[in-house]
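For reference, the structure discussed in these notes is given below.
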Amino acid sequence: MADKNVERYEDSELYRMRHSAAHIMAQAVTEMFEPGEVKVAIGPPIDDGFYYDFDLPRNLTPEDLKNIEKRMKQIIKGKHPFEKRVISAQEAREHFHDQPYKLELIDGLDQGGFDEYGQPTGQNPEISLYTQDTFTDLCRGPHVEHTGQVNRSALKLMTIAGAYWRGDEKRPQLQRIYGTVWPTKEELTAYLWKLEEAKKRDHRVLGRELDLFSTSDEVGPGLIMWHPKGGLVRKLAEDYWGDEHEQGGYDFVFTPHIGKSTLWKTSGHLDFYNENMYSAMDIEGQEYYLKPMNCPFHVQIFRSQIRSYRDLPLRFAEKGTVYRYERSGVLHGLLRVRGFTQDDAHHFCRPDQMRDELDFVLNFCLNILRAFGLSDFKAYLSTQPEKSVGDPEQWRVAEAGLEEVLQRAGLPYGVDEGGGAFYGPKIDVIVQDALGREWQISTIQFDFNLPERFDISYVGEDGEQHRPFMLHRALFGSMERFFGILIEHYGGAFPVWLSPQQITLLPIADRHNAYAHQVAQQLKEAGFRVGVDDSGDRISKKVRQAQKQKTPYMLIVGDRELESETVSVRLRTEEELGAMALPDLIDRIRAAVEAKQGL
RNA sequence: GCCUCCGUAGCUCAGUUGGCCAGAGCAACCGCCUUGUAAGCGGUCGGUCGACGGUUCGAAUCCGUCCGGAGGCUCCA
């Protein structure tokens, strides 16, 4: 619920400042070219700044960006007032006769309230112009009073990027300049610092530095190689996942990576999911497809025998690796890939079990995520899209069921109308990471399609055949994506239970190596992942190396420790615990591991 | 996919009117030092300058195609 005392961003001074900055930028860009050469599109404020889209005679360079910023600061200094004028559509058309994008916007406004994306607004708004200095723009406003109210010391142009007119790739591609401006210089600095911090946590960078994973040109884009250390983190996550699922009443299944075209024909994937599937391969004259989803296989398992109402619910879980075509431009590290492993499961249940099943799966999901330091949850409920299968009545029941479980769980949620999959409505769980960024992780979806298409049923108490509800869910979503999020969430400093190497022994001099190895052996026997840096480097170098690897525990051993049979403990937080006896240290680490948090 | 930018040793980067054998730091390896909490010293190895084609007496540098990467592509004129 929005707090009434908190001003909405749209109503804020900052919003107006950014909106005005966009206009000032448009003026600066317009002035760079001959009259009539610059076609301006739209220039709204956004979360952390503003942008403006232009159709220009040539491509902008980073050098241009500097000049534009310079010119903007001059315009700001001029303290030019923003003046509003309400005009008729006809006047507007005359004014913008050589501005095709503006004309299109005017048409939208004139024809009964379409916004700049062609979406109906349900109202017929007035048409207004805002002028500052030499520049006039079609604009609803509001703006600051004069350009001097835009803080020029807190202004910075960020990047140039391509963007389609109205977001439609069939329309012209425009040049978009992103900029940011803040009430104070300090806030700009803080914002830039946050960007830097996010950069430092970039899972692609950390993935290399910590030797967690890689991709290879020779293998292909969007295909991930998990290195030993990344693989270990994954195994730890999967082991935990497996234990929880066993406790949670899941059965584990394993299914092939390919299936015949008839399977995908029956499932509907060839009709509805074709654009994400790779082309067929020929095996002895039969077409086979790489699987983009695991569901059809799980359905096969369900119907491999006659099921009784007493058998339900059934929960089949599989870490299933799937392959989906993604356009090359959208691939991104571990977060958007072409081959990935879903921690998939399908629940089959009776209608009367649906409510319990939903409660179970949502709570199960949130509990597992909590173990990974994620606790700030919200959700989206996505409803029936235009292109979909199944009885509308059934959709309503399922949508209501999903909404109720969210309410019972007390999870804040929004509704994405028409955002569901073609086969059923869904809940997406969104988490906030350590930097406050939001990530979509888990998904819980109804499937009306497959039970129907594969004609699965169970025998009810009445001896008749009944169609079960089928629920699809993934908690981590995909192992790749989840790993990427975890790396960024922890900034590469995994909690000790997930750290690939938990402890590194750092002997001061060669003569301490034997003792270091002996201690390491004891720690290994206690169940920890331990290494010894017995290189000839100085201790400060060894500490540096271990720090860079974000090793939770650094144990320095020299003459003093050897003498007293202790180790000097340094944490990666740079905290020093001083000399500790091994049993005490073991107790401490064991506690942290069991708690699945901290060091 | 499209637009902009980018692609030089494992990593981070120098190398601009096209011209001597393509460089540095880190890493790796070999030595010396035997060291007290984020880089000790010296040496060695390592690159068909993303790939292919073209222009040229001559291409890392210019052109073309392809491959790969980064940012962006509907948060209300």
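In what follows, chains are A, B, ... by sequence order, proteins preceding strands, each numbered from 1. No experiment lies behind these values; they were computed from the predicted model shown.
A gap of 15 Å separates the P atoms of B/G19 and B/C63, to the nearest Å. B/A27 and B/A70: their C1' atoms are spaced 25 Å apart (whole Å). For B/G58 and B/G18, the P atoms lie 15 Å apart once the distance is rounded to whole Å. Nucleotides B/C20 and B/G15 place their C1' atoms 14 Å apart, quoted to the nearest Å. Taking the C1' atom of each, B/G68 and B/U55 are spaced 26 Å apart, rounded to whole Å. A gap of 10 Å separates the P atoms of B/G7 and B/C13, to the nearest Å. With both ends at atom C1', the span from B/U61 to B/G54 equals 15 Å, rounded to whole Å. Nucleotides B/A14 and B/C33, compared at atom C1', are 32 Å apart to the nearest Å.
No N or O donor and acceptor, one from the side chain of A/Y164 and one from the base of B/C3, sit under 3.5 Å apart. Between the side chain of A/Q173 and the base of B/C2, at least one donor-acceptor pair of N or O atoms lies under 3.5 Å. Looking at A/E561, its side chain comes within 3.5 Å of the base of B/G36 through a donor and an acceptor atom.
Nearest nucleotide to the A/Y325 side chain, out of B/G1, B/G71, B/A38: B/G1. Proximity note for A/V330 (side chain, C-beta onward) versus B/G36, B/U34, B/G1: the nearest is B/G1. When distances run from any side-chain atom of A/I556 to the nucleotides B/G1, B/A27, B/G36, the shortest one goes to B/G36. Among the nucleotides B/A39, B/U37, B/G1, the one closest to any side-chain atom of A/R544 is B/A39. With B/G1, B/C73, B/U35 as the candidates, the nucleotide lying closest to the side chain of A/R327 is B/G1. Listed nucleotides B/G40, B/C75, B/G1 differ in distance to A/S540; the shortest reach to its side chain belongs to B/G40. Residue A/Y51 places its side chain closer to B/C75 than to any other of B/G69, B/G36, B/C75. Checked against B/C73, B/G36, B/A38, the side chain of A/Y178 finds its nearest nucleotide in B/C73.
The main-chain N or O of A/E145 is found under 3.5 Å from a side-chain atom of A/Q149 such that the two form a donor-acceptor pair. Not a single donor-acceptor pair under 3.5 Å links the side chain of A/Q545 to the backbone N or O of A/K542.
The nucleotide B/G1 finds its pairing partner in B/C73, both defining distances of the Watson-Crick or G-U wobble pair being shorter than 3.5 Å. Base pairing of B/G7: its partner is B/C67, meeting the Watson-Crick or G-U wobble criterion (both donor-acceptor distances under 3.5 Å). Checking B/G18 for Watson-Crick or G-U wobble geometry (two distances, each under 3.5 Å) identifies no partner in any strand. Pair assignment for B/C62 gives B/G54, based on Watson-Crick or G-U wobble hydrogen-bonding distances that are each under 3.5 Å. Across all strands shown, B/A28 pairs with B/U44; the Watson-Crick or G-U wobble distances both stay below 3.5 Å. Under the Watson-Crick or G-U wobble criterion, with both distances below 3.5 Å, B/C13 is paired with B/G23.
Within the structure, every side-chain polar atom (N or O) of A/K541 is placed at least 4.0 Å from both OP1 and OP2 of B/C41. Distances shorter than 4.0 Å separate none of the side-chain N or O atoms of A/R208 from OP1 or OP2 on B/A27. Phosphate contact (OP1/OP2 of B/A38, side-chain N/O of A/K542, threshold under 4.0 Å): absent. Between A/R166 and B/C73 there is no side-chain N or O to OP1 or OP2 distance below 4.0 Å. Between A/R538 and B/U37 there is no side-chain N or O to OP1 or OP2 distance below 4.0 Å. Residue A/H512 has no polar side-chain atom (N or O) positioned under 4.0 Å from OP1 or OP2 of B/G36.
Nucleic acid contact class of A/R572 (heavy atoms, under 4.0 Å, all strands): none. Within the 4.0 angstrom heavy-atom criterion, only backbone atoms of the sugar-phosphate kind lie near A/A41; the bases stay farther away. Nucleic acid contact for A/A509: base, since at least one base atom lies under 4.0 Å from a heavy atom of the residue. Looking at heavy-atom distances under 4.0 Å, A/R176 makes contact with sugar-phosphate atoms alone, never a base. A/D559 comes within contact range of at least one nucleobase, with a heavy-atom separation under 4.0 Å. Using a 4.0 Å heavy-atom distance criterion, A/I539 is classed as a sugar-phosphate-only contact. Within the 4.0 angstrom heavy-atom criterion, no nucleotide atom of any strand lies near A/T215. Within 4.0 Å (heavy atoms only), A/Y15 reaches sugar-phosphate atoms of the nucleic acid but no base atom. A/E209 comes within 4.0 angstrom of nothing in the nucleic acid, heavy atoms only.
With rounding to the nearest 0.5 Å, the separation of CD in A/E31 from CD1 in A/I68 is 11.0 Å. Atom OG1 of A/T131 is separated from atom CD of A/E83 by 7.0 Å, given to the nearest 0.5 angstrom.
Nearest-nucleotide positions on RNA chain B for A/E574 and A/E169 put A/E169 closer to the 5' end. If A/K102 and A/D217 are placed on RNA chain B by their nearest nucleotide, the residue sitting closer to the 5' end is A/D217.
A/I160 has its CD1 atom 15 Å from the P atom of B/C73, to the nearest Å. Protein atom CG of A/D11 is 19 Å distant from nucleotide atom P of B/C75, rounded to whole Å. When rounded to the nearest whole Å, the span between CG of A/N513 and P of B/U34 equals 15 Å. B/U4 atom C1' lies 15 Å from atom CZ of A/F54, rounded to whole Å. Between A/Q545 atom CD and B/G36 atom C1' there is a gap of 17 Å when expressed in whole angstrom units. Nucleotide B/C11 holds its P atom 12 Å from the CG atom of A/D211, rounded to whole Å. For A/I224 and B/G68, the CD1 to C1' distance is 14 Å, given to the nearest whole Å. Summarising the geometry, the separation between CG on A/L506 and C1' on B/A38 is reported as 11 Å, rounded to the nearest angstrom.
Between A/F54 and A/Y52, the ring center distance clears the sub-6.0 Å criterion.
Taking both residues in full, the closest heavy atoms of A/H512 and A/L562 are given as CD2-CD1, 3.9 Å, listed atom of the first, atom of the second, then distance. The heavy-atom pair separating A/Q175 from A/L60 by the smallest distance is OE1-N, 2.9 Å.
Of the residues listed (A/I24, A/V181, A/N151), the one engaging A/I76 in a side chain to side chain contact (heavy atoms under 4.5 Å, CB included) is A/I24, and it is the only one.
The aromatic rings of A/H143 and A/F82 sit parallel to each other, their planes meeting at less than 30°, with 60° as the upper class boundary.
Heavy atoms from other residues, nucleotides or ligands lying under 6.0 Å from CZ of A/R85 number 12 at most.
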